[in-house]
Amino acid sequence: MQWLNLLNANFRKEYIEMKRYLPNTLALLLTFYIIFLAAFFGIMFVGDPASFEANVQYSIVSVAFWSLTLMTMNFIGFSVVTEAMRGTLEQLYMSPMGVWKIMLTRIVGQFSLQLVMMVILLFAAMLTSGQWLSLNPMTTIPILTLTMISIVGVSFMIAGLAIIVKQIQAFLQIFQFVLMALVFIPLSVAPFLAFAPFVKGVDMVRMVMMENLTLSAIPLADFGFLLINSMIYFILGLFVFHRCEKLAMKKGLLGQY
Amino acid sequence: MEKIIEVRGINKQYVKRKTKEVITAVNDVSFDVHRGEVLGLLGPNGAGKTSTIKMICGLLQADAGSIHINGLDIKKKRLKALKHISAVLEGNRNLYWRLTVRENLEYFAGNRGLSRKDVKEQVEKLLKQFRLKEKENELVNGLSRGMQQKLAIAVALLANTEVILLDEPTLGLDVEISYELREILKMIVKEEKRTIIISSHDMPVVQELCDRTIIINKGTVVVDEKVENLLKLFETRAYSIKLGGTLSVAQEQQLLVKFPLCTYEGSSHETVVNINLEKSEDIYDLFDIFKAEGTVVESIDRTTIDFEQVFMEIVKGEKAYAMA
Ligand SMILES: Nc1ncnc2c1ncn2[C@@H]1O[C@H](COP(=O)(O)OP(=O)(O)OP(=O)(O)O)[C@@H](O)[C@H]1O
Ligand SMILES: [Mg+2]
């Protein structure tokens with residue numbers, strides 16, 4: 001019940017702020033729409049040059065995934081830095097629920113809102129370009145959700161770092177490109193990347209969408225691997241975040257200074 | 001009375017980022033707070049009040065010593081202990097400026113695991129009590145500093161914790177709103193049996209609200225005493241002495257050397273000396289100075305003293321303060 005109330009409060013806050021900052025939200029939507037369109041019209045030629053159409057599809061799925069991943073990954077770190085700057089971070093730390101739970105509920109809220117926006121965008125882009133992908137939501141959404149767990153883990157790691165150093169903007173910008181590489185490079189080219197967070201999931205989603213697979217057509221081993229990978233990154237993320245919090249409390253870094 | 005907060009020998013040092021200079025903010029501070037008590041935490045700028053409060057909240061970890069809230073070690077059982085504490089921290093950023101008054105109340109309650117329904121009645125009550133009802137749907141961003149501070153306190157009260165910590169609640173507010181806030185706090189103290197720690201520079205706040213006061217200076221406790229005792233103690237040693245005639249230059253000098261904090265004013269036929277004696281015996285030294293030149297003492301009166309003067313005596317005078 002407490003969890004539910006926490007989720008409710010933070011979901012509401014995310015939603016209210018998104019609504020109140022409608023211009024920002026719209027600008028973001030527009031940016032992604034343009035990126036999608038660019039992908040649709042085949043400006044990006046990455047990966048296997050077997051066929052043009054497959055290439056375009058590959059790019060679109062990758063771009064959608066990249067943007068979703070990027071926003072989710074930066075989210076907690078960005079949230080922490082903003083709270084620290086506004087001076088509300090300490091007040092969050094007065095919650096007996098723990099900041100990690102607050103952040104987890106926020107990211108769940110944020111991700112849901114973004115997922116909805118992304119689906120709308122994808123449809124808009126498909127409509128404009130006349131290129132249709134099989135979104136296959138019954139299969140992709142479970143995989144996506146599992147994959148997101150690892151991304152949330154990475155997000156917690158970044159947030160931990162953010163509590164200590166506060167200036168992470170530059171770091172995040174560089175990270176954005178690392179992320180892009182991770183999302184776009186096919187696993188067949190670099191199989192060891194399966195051990196990195198979320199790469200395996202991206203690969204699976206791409207396969208499902210392009211080959212129009214159903215959930216049962218995916219080998220169980222793949223799911224098992226994805227689950228373990230996600231859990232490890234998630235737990236590692238929480239651990240790093242917790243250690244950083246402790247350090248911040250020792251050094252008095254939670255407040256403004 | 002039962003203890004709800006136990007602070008034992010806490011220390012805190014900061015290392016400055018740039019210069020690597022080590023600052024001792026809190027040095028071996030110990031005190032207890034009893035259930036239902038209103039404690040004033042006083043001290044000049046940089047004394048270590050905020051650091052002490054943050055350590056009690058677990059926002060800052062003490063380098064040494066221990067803090068227990070309701071028997072829970074804040075270091076080991078932080079989240080459990082936080083169920084018993086809420087706080088309004090220093091400065092004016094205890095709220096979300098982009099949410100409305102009501103949204104802030106509801107959001108922070110949500111962060112403590114309460115639903116909007118759970119707090120509905122209490123939100124209404126607080127909005128009325130703090131006279132924020134007509135502003136409930138306005139963004140905090142547009143409120144005056146005083147309103148924001150009132151809301152921050154309302155948010156802390158909504159948490160329904162036994163202990164509330166208020167760090168400089170009236171800082172930067174004009175006289176009127178600070179008076180209003182004081183009246184609200186007075187009402188809360190009277191109506192609800194909460195344990196409150198208030199750090200403040202605002203002496204009337206302490207004098208009117210607090211049962212007990214702790215004065216810290218340079219990170220150590222210099223006084224821990226009931227407010228009424230403190231006033232009484234100083235009252236018995238504060239004198240106003242009327243002299244027939246003026247003081248000679250030599251007498252003035254002697255006075256300043258022996259009693260640097262005394263003040264005097266007078267005309268050609270009369271002088272009034274106001275003085276706080278550290279020890280009762282000092283009165284003999286004082287009289288020796290007058291006697292030496294045959295100055296006539298016309299009357300001696302005990303003067304009333306307010307908390308501001310007591311504070312100045314203890315902290316600014318930097319005199320050794322020994323409890324009688
Ligand atoms: N995060 C920090 N990093 C470094 N030094 C700090 C930090 N916080 C406080 N200090 C220093 O520690 C000392 C005590 O500060 P503190 O804020 O506890 O005092 P205070 O009694 O609350 O003062 P004020 O009346 O100005 O609010 C000061 O010298 C201050 O400069
Ligand atoms: Mg302070």
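The chains referred to below are lettered A, B, ... by the order of the sequence lines, with proteins before strands, and numbering in each begins at 1. No hydrogens, no waters, no symmetry mates; every other heavy atom, side chains included, goes into these values.
- Side-chain N/O atoms of Thr195(B) and Glu37(B) include no donor and acceptor closer than 3.5 Å.
- A pairwise comparison of heavy atoms in Ile10(B) and Val26(B) identifies O-CG1, 3.6 Å as the closest pair.
- Ranking Glu106(B), Arg78(B), Lys12(B) against chain A, the residue ahead of the rest is Arg78(B), based on heavy-atom pairs under 4.5 Å.
- With a 4.5 angstrom heavy-atom cutoff, Leu59(B) touches chain A via backbone and side-chain atoms both.
- If you tally non-hydrogen atom pairs under 4.5 Å between each of Glu17(A), Lys246(A), Gln2(A) and chain B, the highest count goes to Gln2(A).
- Side-chain contact annotation: Asn111(B) with Tyr107(B), donor-acceptor N/O pair under 3.5 Å present.
- The neighbour count for Glu134(B) CD, taken as heavy atoms of other residues, nucleotides or ligands under 6.0 Å away, is above 12.
- Distance alone, capped at 3.5 Å, places no donor-acceptor pair between the Lys20(B) side chain and the Val15(B) backbone.
- Side-chain contact check for Thr25(A) versus Met117(A): some heavy-atom pair is nearer than 4.5 Å.
- Neither the backbone nor the side chain of Lys80(B) comes within contact range of chain A; no heavy atoms are under 4.5 Å apart.
- Proximity to chain A is absent for every atom of Gln13(B), based on heavy atoms less than 4.5 angstrom apart.
- Interface remark: of the candidates Lys251(A), Met1(A), Arg20(A), Met97(A), Arg20(A) forms the most heavy-atom pairs closer than 4.5 Å to chain B.
- Each of Ala109(B), Ala87(B), Ala159(B) has some count of heavy-atom pairs under 4.5 Å with chain A, and the biggest count is that of Ala87(B).
- Neither the backbone nor the side chain of Lys77(B) comes within less than 4.5 Å of any heavy atom of chain A.
- Exactly one of Val119(A), Leu127(A), Ile120(A) qualifies for a side-chain contact (heavy atoms from CB on, under 4.5 Å) with Phe123(A). That residue is Val119(A).
- Applying the side-chain contact (heavy atoms from CB on, under 4.5 Å) test between Arg35(B) and each of Asn70(B), Val163(B), Ile5(B) identifies Asn70(B) as the sole match.
- A distance below 6.0 Å separates the ring centres of Phe195(A) and Phe225(A).
- No side-chain heavy atom of Gln114(A) sits under 4.5 Å from any side-chain heavy atom of Phe32(A).
- In this structure, chain B has a heavy atom under 4.5 Å from the side chain of Ile16(A), while its backbone stays farther away.
- By number of non-hydrogen pairs under 4.5 angstrom with chain B, the leading residue of Asn5(A), Leu6(A), Leu4(A) is Asn5(A).
- Atom CZ of Arg131(B) sits in a sparse spot, with 12 or fewer heavy atoms from other residues, nucleotides or ligands closer than 6.0 Å.
- No part of Glu245(A) comes within reach of chain B, as not one of its non-hydrogen atoms sits under 4.5 angstrom from that chain.
- Aromatic rings from Phe171(A) and Phe175(A) are positioned such that their centres are separated by under 6.0 Å.
- By a heavy-atom distance cut of under 4.5 Å, not one residue of residues 151-159 of chain A is near chain B.
- Proximity to chain A is limited to the backbone of Ser86(B), based on heavy atoms less than 4.5 angstrom apart.
- No donor-acceptor contact under 3.5 angstrom links the side chains of Thr100(B) and Asn137(B), judged on distance only.
- Contact annotation: the side chain of Lys49(B) never approaches that of Glu90(B) to less than 4.5 Å [non-hydrogen atoms, C-beta and beyond].
- Of residues 98-107 of chain A, those residues with a non-hydrogen atom less than 4.5 Å from any non-hydrogen atom of chain B are, in numerical order, Gly98(A), Ile102(A), Arg106(A).
- Considering only heavy atoms from C-beta on, Thr52(B) comes within 4.5 Å of Phe31(B) through its side chain.
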